[in-house]
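The figures that follow rest on heavy atoms only: side chains count, while hydrogens, waters and symmetry mates do not. Letters A, B, ... mirror the listed sequences (proteins, then strands); counts begin at 1.
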2 protein chains.
Amino acid sequence: MPSTADYVKIADQIVADIQSGKVQPGDKLPSLAEMAEIYGVSTSTIQMVNVRLLALRVIRRHQGKGIYATDPKTWMREP
Amino acid sequence: MPSTADYVKIADQIVADIQSGKVQPGDKLPSLAEMAEIYGVSTSTIQMVNVRLLALRVIRRHQGKGIYATDPKTWMREP
DNA sequence: CCACATTTGTCCGTATGTATC
DNA sequence: AGATACATACGGACAAATGTG
């Protein structure tokens with residue numbers, strides 16, 4: 001049984017939080033350091049989460065400001 | 001002008017190579033070490049490329065074997 | 001305008017694990 | 001058993017953007 005990687009699990013969790021409305025589009029997510037603390041991983045792992053979520057357009061990053069949730073309507077989806 | 005990151009440029013180039021037919025679905029891509037050599041970056045950067053391309057389903061990775069191109073018809077796309 | 005702290009952005013090197021050949 | 005190759009995670013270094021004082 002191939003267990004899912006931490007960075008995929010964390011990314012999926014964030015996706016679920018936005019889809020459920022727990023996190024609203026435009027909301028600022030915790031900082032890199034805070035997320036590393038929350039999920040018990042390094043900031044490097046959180047960066048992989050961000051690369052994944054950015055490719056899917058689930059988040060937008062603004063250097064020096066923060067990371068923000070987008071509208072699920074704009075997400076990438078299967079063909 | 002925001003300069004694009006290396007890992008995004010490399011990922012986009014691989015996407016273009018598949019879309020143009022230069023790389024066919026099912027083709028094996030160069031190994032991590034070879035790609036790092038080809039593009040003049042570290043294997044860590046190539047891993048970021050893979051995280052991005054995997055999220056978009058442009059590649060499939062098979063541990064111990066290699067990395068393979070998928071059919072563009074199965075890629076993620078905008079809504 | 002300048003100095004500083006905070007935060008994200010990118011890249012690198014390394015260690016360890018797992019799958020394949 | 002050994003070599004090769006991908007998979008994941010970590011820590012560090014430096015840059016760039018922002019906000020505050």
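The nucleotide whose nearest atom lies closest to any side-chain atom of Ser44(A) is, among dT8(C), dC10(D), dC6(D), dC10(D). When the nucleotides dT10(C), dT8(C), dC6(D) are ranked by their closest atom to the side chain of Ala5(B), dT10(C) comes out on top.
The side chain of Thr45(B) places an N or O atom within less than 4.0 Å of a non-bridging phosphate oxygen (OP1 or OP2) of dC12(C). Contact between the side-chain N/O atoms of Arg61(B) and the OP1/OP2 oxygens of dC6(D) is not found at any separation under 4.0 Å. Here Tyr7(B) reaches the OP1 or OP2 of dT10(C): one of its side-chain N or O atoms lies under 4.0 Å away.
Distance Lys9(A) NZ to dA7(D) P: 17 Å, rounded to the nearest Å. Distance OH (Tyr68(A)) to C1' (dA17(D)): 12 Å, rounded to an integer number of Å. Regarding Gln47(B), its CD atom lies at a distance of 11 Å from the C1' atom of dA9(D), rounded to whole Å. If you take CZ of Arg60(B) and P of dA5(D), they are 22 Å apart, rounded to a whole angstrom. Atom P of nucleotide dG11(D) and atom CD1 of Ile46(A) are separated by 12 Å, given to the nearest angstrom. We find that CG of Asp6(B) is positioned 16 Å from P of dA15(D), with the value rounded to whole Å. A straight line from CG of Asn50(A) to C1' of dT7(C) spans 12 Å, rounded to a whole angstrom. Atom CG of Leu32(A) is separated from atom P of dG12(D) by 16 Å (rounded to the nearest Å).
No N or O donor and acceptor, one from the side chain of Gln63(A) and one from the base of dT7(C), sit under 3.5 Å apart. With hydrogens and angles left out, the side chain of Ser42(B) and the base of dG13(C) share no donor-acceptor pair within 3.5 Å.
Along DNA chain D, the nucleotide nearest Val41(A) and the nucleotide nearest Gly64(B) are compared for position; the residue whose nucleotide lies closer to the 5' end is Gly64(B).
Evaluated for a side-chain contact (heavy atoms from CB on, under 4.5 Å) with Asp17(A), the options Val23(A), Asp12(A), Leu29(A) yield exactly one hit, Val23(A).
Side-chain contact between Pro79(B) and Arg77(A) is present, with heavy atoms from C-beta onward closer than 4.5 Å.
With salt bridges taken as basic N to acidic carboxylate O contacts below 4.0 Å, one links Glu78(A) and Arg57(B).
Between Leu56(B) and Leu56(A), the shortest heavy-atom contact is CD2-CD2, 4.4 Å.
Note: Asn50(B) CG to Tyr7(B) OH = 13.0 Å, rounded to the nearest 0.5 Å.
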